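Labels below follow one simple rule: chain letters A, B, ... track the order of the sequence lines, proteins then strands, and each chain is numbered from 1. No experiment lies behind these values; they were computed from the predicted model shown.
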2 protein chains.
Amino acid sequence: MNPLHLSNQLCFPFYAISKEIIKRYRPFLAPLNLTYPQYLVMLVLWEEDFVTLKSIGGRLQLDSGTLTPLVKKLIQSGYIEKARNPEDERQLVIRLTERGRSLEEEAKEIPARINEVLGLNKEEYDQYKDMLDELAGKLDIKRENGYC
Amino acid sequence: MNPLHLSNQLCFPFYAISKEIIKRYRPFLAPLNLTYPQYLVMLVLWEEDFVTLKSIGGRLQLDSGTLTPLVKKLIQSGYIEKARNPEDERQLVIRLTERGRSLEEEAKEIPARINEVLGLNKEEYDQYKDMLDELAGKLDIKRENGYC
DNA sequence: TATATTTAAGTTGTGTACAATTTAATTTTA
DNA sequence: TAAAATTAAATTGTACACAACTTAAATATA
């Protein structure tokens with residue numbers, strides 16, 4: 001067994017599957033003028049409005065270098081607004097616009113459509129989900145993002 | 001259960017775990033002057049030398065838009081060379097330099113080091129690997145890349 | 001066999017990722 | 001409480017990813 005053989009890598013399937021699933025989101029997200037990372041930011045805001053850039057970054061594991069331009073795009077698209085927190089001027093507080101809030105309704109069907117495209121039944125979905133949450137825990141990816 | 005809740009997404013953990021593992025490769029790859037995608041190309045070449053750009057892209061699921069500049073970097077680093085296939089001038093044939101071949105020896109320890117960093121035992125590793133290969137199969141990511 | 005189609009790389013443009021650094025605000029501590 | 005340390009965003013620079021398109025070579029077909 002050659003550890004340098006591609007078939008013996010654990011990371012590569014994560015990398016390949018992640019890219020593949022994101023590709024399958026595109027047909028559903030493009031009509032909403034969203035990329036996948038932008039969609040993730042919207043998911044966070046639909047859960048909790050009025051959050052700092054820092055806390056969005058905490059949940060999505062993205063830093064300001066990625067989020068600053070991404071937030072700029074979402075503002076240009078009219079989905080969010082930003083303002084400094086008067087209590088702490090270092091913090092940028094992000095909130096949904098009316099348009100951003102109404103977008104949630106249009107995005108409601110996406111998870112079900114994606115599950116169709118992935119062709120997984122409930123048991124398979126749950127099995128994969130459990131395994132991923134467990135591994136995320138081992139890798140310590142879940143402390144502040146609360147995704148599991 | 002809100003399907004738009006981040007905790008109910010299947011793709012997000014793939015995306016987050018993939019990025020996290022790649023981040024943990026960095027300390028091992030940086031001394032070899034390789035990024036993770038560049039390392040993947042080297043893995044392909046250490047398995048089989050003298051392959052076309054197209055077939056590298058088939059195995060790694062990357063197109064010429066990604067691979068052309070990446071190959072340029074690996075040439076600059078002195079690890080590979082490129083030439084047109086005289087039998088079919090459309091094809092670019094990639095082969096290892098002597099330095100590229102000797103690099104395999106320096107990379108031999110990386111998979112074991114990564115497994116240490118991930119903190120997975122043999123059973124966990126195998127369990128995750130099986131699940132990933134199964135899902136990759138369902139998503140039809142494995143036809144030509146032969147990684148499983 | 002000339003034309004149409006297909007194929008492989010390359011190019012262009014947009015959008016992440018992230019390390020490293022900078023700037024400004026807040027908190028700690030000597 | 002003034003200086004040091006920390007923190008949150010922004011900035012800079014490098015490197016993917018990939019859609020869409022271009023170019024050139026090879027193959028198919030009318």
Side-chain angles (χ1 to χ4, degrees), chain A residues 11-12 14-27 29-31 33-42 51-58 60-77 82-94 141 144, chain B residues 11-12 14-27 29-30 33-42 51-77 82-94 141 144:
Chain A
C11 184
F12 177 63
F14 274 109
Y15 166 79
I17 292 171
S18 164
K19 286 194 304 164
E20 178 64 24
I21 301 183
I22 289 172
K23 241 179 268 185
R24 297 190 187 190
Y25 268 95
R26 203 178 312 271
L29 294 178
N33 198 29
L34 288 176
T35 63
Y36 183 73
Q38 289 168 15
Y39 171 68
L40 291 178
V41 170
M42 295 306 289
V51 287
T52 64
L53 191 77
K54 183 74 178 171
S55 74
I56 294 174
L60 301 180
Q61 309 285 287
L62 294 171
D63 70 7
S64 65
T66 301
L67 286 175
T68 297
L70 200 157
V71 157
K72 196 176 160 192
K73 291 264 149 52
L74 287 173
I75 292 170
Q76 285 167 356
S77 297
K82 68 175 181 181
R84 291 283 165 180
N85 178 2
E87 315 259 288
D88 185 341
E89 289 281 346
R90 290 171 305 180
Q91 297 182 337
L92 195 64
V93 180
I94 309 294
I141 303 183
E144 45 181 338
Chain B
C11 184
F12 178 62
F14 274 108
Y15 166 81
I17 291 171
S18 164
K19 286 194 305 165
E20 178 63 25
I21 301 182
I22 289 172
K23 239 179 269 184
R24 297 189 188 191
Y25 268 94
R26 203 178 312 270
L29 294 177
N33 197 30
L34 288 176
T35 63
Y36 183 73
Q38 289 169 15
Y39 171 68
L40 290 179
V41 170
M42 296 305 289
V51 287
T52 64
L53 191 77
K54 182 73 179 172
S55 74
I56 294 173
R59 293 203 66 188
L60 302 180
Q61 309 284 289
L62 294 170
D63 70 6
S64 65
T66 302
L67 287 175
T68 297
L70 199 157
V71 158
K72 196 175 161 192
K73 292 263 152 52
L74 288 173
I75 292 171
Q76 286 168 356
S77 297
K82 69 176 180 180
R84 290 284 163 178
N85 178 3
E87 317 258 289
D88 185 341
E89 290 281 344
R90 290 172 306 181
Q91 297 182 338
L92 195 64
V93 180
I94 309 294
I141 304 182
E144 46 181 338

Is any side-chain heavy atom of [Y] closer than 4.5 Å to one of [X]?
X       : Y       : result
A:Val93 : A:Lys82 : no
A:Thr35 : A:Leu70 : no
B:Val71 : B:Ile94 : yes
B:Thr52 : B:Asn85 : no

*Quick one: label B:Lys82 by what it contacts on the DNA or RNA (base, sugar-phosphate, nothing), any heavy atom closer than 4.0 Å.*
sugar-phosphate
*Taking the side chain of A:Glu89 as heavy atoms from C-beta outward, which of D:dA9, C:dA25, C:dG10 is closest to it?*
C:dA25
To the nearest angstrom, how far is [X] atom [atom1] from [N] atom [atom2]?
X       : N      : atom1 : atom2 : answer
B:Asp88 : D:dA28 : CG    : P     : 12 Å
B:Tyr25 : C:dA19 : OH    : P     : 17 Å
B:Arg84 : C:dT7  : CZ    : P     : 17 Å
A:Arg90 : D:dT6  : CZ    : C1'   : 8 Å
A:Leu67 : D:dA8  : CG    : C1'   : 12 Å
B:Leu92 : C:dG10 : CG    : C1'   : 10 Å
B:Ile17 : C:dA17 : CD1   : C1'   : 18 Å
A:Lys54 : D:dA8  : NZ    : C1'   : 7 Å

*Along nucleotides 12-23 of chain D, 5' to 3', which nucleotides get a B, which get an S, and which get a -, given that the test is a protein heavy-atom distance under 4.0 Å?*
---SSBBB----
*Report the relative orientation of the aromatic rings in A:Tyr25 and A:Tyr39; use parallel for angles under 30°, tilted for 30 to 60°, perpendicular for over 60°.*
tilted
*At their closest point, which heavy atom of B:Gln38 faces which heavy atom of B:Leu34, and how far apart are they?*
OE1-CA, 3.6 Å
